[in-house]
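Below, all heavy atoms of this structure are taken into account, side chains as well, without hydrogens, waters or symmetry copies. Just so it is clear: chains get the letters A, B, ... in the order the sequence lines come, proteins before strands, and each one is counted from 1. This is a predicted model, so every value here is computed, not measured.
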Amino acid sequence: MRNAEVCAIFREMAAIMEILGEDPYRIRAYQRAVQNIENLPEDIAVIAARGELTKIPGIGKELARKIEEILATGTLQKYEELKRKVPPGLVELLQVPGIGPKTAKLLYERLGVKSLAELEQLAKEGKLKGLPGIGAKTEENIRRGIALLRSVEERRPLGLVLPLARAVVNLLREKAPVKRVDLAGSIRRFKETVGDVDILAASTRPEEVIKIFTTLPLVAEVLAQGPTKASVRTGDGLQIDLRVVPPESYGAALCYFTGSKAHNIRVRELAVKQGLKVNEYGVFRGEERIAGATEEEVYAAVGLPYIPPEIREDWGEIEAALEGRLPDLVELKDIKGDFHVHSKYSDGAATLEEIAAEARKLGLEWVAICDHSPALKVAGGLDAPTLLKKKEAIERFNAKSPDVKLLCGVEVDILLDGTLDYPNEVLAQLDVVVAAIHTGLRQSKEVQTKRLLAAAANPYVHAIAHPTGRLLGEREPYELDLEAVFTAAARTGTWLEINAYYKRLDLNDINARAAAARGVEFTIGTDAHLLEQMEFLELGVGVARRAWLTREKVINTLSYEELLARLRAKKEVLGE
DNA sequence: GCCGTTTTCGGCCCGACTGTTTTCAGTCG
């Protein structure tokens with residue numbers, strides 16, 4: 001994939017043009033192109049080879065030509081020219097919170113600042129204040145902005161932030177004079193990582209709400225505070241923003257703060273064409289507010305049906321909504337089972353009984369117990385005799401359990417040559433076979449693809465677990481021809497897993513959507529090794545919804561009896 | 001630089017907070 005390479009160049013060009021003070025709409029065109037290219041499920045070089053670059057939204061003739069130049073030469077004439085106009089370190093100044101293009105330019109022209117390091121030095125020495133528009137406070141903010149940039153400031157996995165975010169919402173519901181409080185922003189859209197937490201409240205006494213928020217015990221620092229809006233930072237550096245609006249504006253504000261920004265812009269453009277104005281207070285015709293209390297009302301006012309938060313990304317949902325073909329997305333309450341849980345038999349912490357009890361608590365009907373195979377010695381992979389003992393134990397459990405049923409499964413390793421870590425005679429005796437790569441992660445694209453294709457072709461393999469192997473913030477996906485994998489999965493009736501463990505979320509939203517378009521069906525598995533990790537199921541559902549999946553595409557919506565029938569079907573299609 | 005039911009030119013989403021300034025530019029989301 002060369003998408004990141006193209007994006008890096010366009011992104012830096014936009015930053016340089018900002019510093020140079022060039023046409024903001026041209027800059028936005030580059031930024032919009034970056035956003036759209038980043039979200040492509042396909043290699044841009046392949047799209048270019050088909051001559052379809054201008055089919056990408058925001059890519060016209062000129063940017064298409066530039067992309068082709070980058071693909072052919074590895075760089076871009078115009079980019080090289082721009083770089084010569086601005087010292088290399090100046091662009092990185094834009095990463096400091098509070099420093100935009102104007103300030104960066106000012107710092108360079110008046111003080112000769114050419115890098116983050118130089119800026120840090122001057123800020124420490126107190127030499128920034130006195131510049132036009134920069135006083136002692138701005139200087140202090142710049143100092144702290146740099147320190148923050150240096151410390152962590154990365155996006156965090158959604159699964160880590162969600163419990164804290166919900167706790168803050170609950171605190172506000174208890175303590176503050178609010179009519180409503182909800183999470184908004186990327187958390188509400190179930191994006192896999194979170195930059196900061198956005199919370200929205202409806203109240204007729206906003207200043208009291210803000211006061212209570214900024215004095216919560218978990219607040220380490222108040223970054224900004226006005227009568228209706230505040231930003232704070234927690235002890236471990238997480239930023240939380242709260243906005244308070246009047247109840248009659250709550251729906252409009254919830255739309256506004258849920259985003260995505262790209263989605264909001266499209267909605268506002270639609271409104272403008274109809275002579276309307278949309279902001280966080282409502283939908284307006286002239287001075288008159290014609291909608292705003294609920295999100296449904298806001299969408300209806302601009303001629304759209306309600307669009308679920310998870311797909312508000314400007315990935316085609318506006319067009320789909322206008323044409324009345326929005327998907328009926330799968331919901332957490334549709335999910336009847338967890339397809340991938342580890343037990344004490346391998347490296348899980350819980351017994352069969354404990355897992356079943358947790359499933360009952362979560363309202364599930366079935367759980368596939370998928371422990372590791374022998375090759376994964378570190379994870380206590382089971383030898384075949386032990387596996388058969390597990391099968392008997394599960395049968396005994398099921399005989400006594402009228403509601404929750406367990407399925408005897410494995411997460412069998414796909415070995416380097418594409419063969420599986422159990423012989424087919426063993427696999428044939430199991431309810432569920434999930435195959436996965438855990439070793440040999442650095443093989444070539446050809447080898448990795450062959451391994452997955454071989455696994456998919458096995459008549460006993462029901463699903464491929466965490467197909468790309470990525471770990472959020474820790475490990476890149478391994479090299480893979482995803483198109484080939486999707487095609488093979490569709491042809492063989494092999495399901496692809498949406499692994500719901502918070503660090504994996506693999507397949508991700510974009511890839512799952514591309515796979516679904518190829519006719520692939522999906523399993524959702526938490527890969528839980530501890531009981532409480534079974535709650536990650538909702539993260540998997542979030543990915544599925546972001547991938548536009550309906551319940552028909554998700555195997556977990558089947559009842560136990562329906563599932564057993566489907567599990568047998570693959571053997572009959574491809575079996576001996 | 002993109003784009004088109006205001007279509008090949010002339011538009012391009014909207015408002016809050018900060019810090020500095022005496023009415024607003026810059027930044028952010």
Side-chain angles (χ1 to χ4, degrees), chain A residues 10 13-14 17-19 21-36 53-67 76 78 93-107 128-142 144-145 184-186 189 195-200 206 210 214 222-232 239-245 249 252-253 255-284 302-303 314 318 322:
Chain A
F10 283 175
M13 287 174 76
M17 288 189 287
E18 278 197 308
I19 292 171
E22 293 195 6
D23 177 13
Y25 292 109
R26 172 175 297 184
I27 293 166
R28 211 176 80 191
Y30 277 80
Q31 290 167 336
R32 176 146 186 261
V34 167
Q35 194 207 342
N36 287 319
L53 286 174
T54 54
K55 286 192 179 174
I56 302 169
I59 306 293
K61 257 175 96 173
E62 185 51 32
L63 283 178
R65 191 200 63 70
K66 288 188 164 74
I67 291 167
L76 185 65
K78 174 89 185 291
L93 298 190
L94 297 182
Q95 294 168 16
V96 180
I99 294 189
K102 294 292 192 320
T103 309
K105 195 171 177 216
L106 177 81
L107 290 167
L128 301 182
K129 56 179 176 285
L131 289 177
I134 295 183
K137 251 193 165 150
T138 300
E139 182 174 77
E140 171 64 11
N141 284 341
I142 288 175
R144 287 157 38 145
S186 59
R189 303 199 311 278
D196 56 23
V197 176
D198 292 302
I199 300 176
L200 180 70
I210 293 290
T214 54
V222 178
L223 300 171
Q225 182 171 358
T228 65
K229 189 177 165 181
S231 292
V232 303
Q239 184 173 329
I240 307 179
D241 297 339
L242 172 69
R243 180 73 181 265
V244 188
V245 298
S249 295
C255 283
Y256 180 83
F257 292 106
T258 296
S260 68
K261 191 172 175 180
H263 173 90
N264 286 348
I265 287 173
R266 292 294 308 279
V267 171
R268 288 201 191 129
E269 285 171 354
L270 270 184
V272 168
K273 282 182 186 145
Q274 298 165 57
L276 303 172
K277 182 180 75 168
V278 176
N279 59 26
E280 58 262 56
Y281 299 109
V283 182
F284 295 86
V302 297
D314 192 21
I318 302 283
L322 286 170

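The only option from H263(A), K261(A), R266(A), Q35(A) that meets the side chain to side chain donor-acceptor pair (under 3.5 Å) definition with D314(A) turns out to be R266(A).
Among the protein residues, K66(A) comes within range of the sugar-phosphate backbone only, with heavy atoms under 4.0 Å from sugar or phosphate atoms but none that close to a base. Within 4.0 Å of S231(A), counting heavy atoms only, lies no atom of the nucleic acid at all. When heavy atoms are screened at a 4.0 angstrom cut-off, A14(A) is found touching no nucleic acid atom at all. Heavy atoms of P227(A) sit under 4.0 angstrom from primed sugar atoms or phosphate atoms, though from no base atom. Within the nucleic acid shown, K105(A) has no heavy atom closer than 4.0 Å to any nucleic acid atom. Y256(A) comes within contact range of at least one nucleobase, with a heavy-atom separation under 4.0 Å. I134(A) comes within 4.0 angstrom of the backbone, heavy atoms only, and of no base. When heavy atoms are screened at a 4.0 angstrom cut-off, N141(A) is found touching the sugar-phosphate backbone but no base atom. Across all strands shown, V278(A) has heavy atoms under 4.0 Å from sugar-phosphate atoms exclusively, and none from any base. Nucleic acid contact for R243(A): sugar-phosphate only, since backbone atoms but no base atoms lie under 4.0 Å from a heavy atom of the residue. Counting any heavy atom pair closer than 4.0 Å across all strands shown, K137(A) reaches sugar-phosphate atoms only and no base atom. Contacts of P24(A) with the nucleic acid, taken as non-hydrogen atoms under 4.0 Å apart, are absent. Within 4.0 Å of V96(A), counting heavy atoms only, lie sugar-phosphate atoms of the nucleic acid but no base atom.
A gap of 25 Å separates the C1' atoms of dC14(B) and dC9(B), to the nearest Å. Taking atom C1' in both dG29(B) and dT21(B), one finds a spacing of 24 Å when rounded to whole Å. Between dG1(B) and dT5(B), the two C1' atoms lie 23 Å apart (nearest whole Å).
In this structure, the CD1 atom of I27(A) is 14 Å from the C1' atom of dC12(B), given to the nearest Å.
Taking 3.5 Å as the limit, the base of dG11(B) and the side chain of Y25(A) contain no donor-acceptor pair of atoms between them.
A salt bridge links E62(A) with K66(A): at least one charged nitrogen is closer than 4.0 Å to a carboxylate oxygen.
Base pairing of dT8(B): no nucleotide in any strand meets the Watson-Crick or G-U wobble criterion (both distances under 3.5 Å).
With sequence neighbours left out, the salt bridge (charged side-chain N to carboxylate O under 4.0 Å, His left out) criterion links D198(A) to no other residue.
At distances below 3.5 Å, at least one donor-acceptor pair connects side-chain atoms of Q274(A) with backbone N or O atoms of V302(A).
Comparing G226(A) and Q274(A) along DNA chain B, the residue whose closest nucleotide (by nearest heavy atom) sits nearer the 5' end is Q274(A).
When distances run from any side-chain atom of P101(A) to the nucleotides dG1(B), dT27(B), dC14(B), the shortest one goes to dT27(B).
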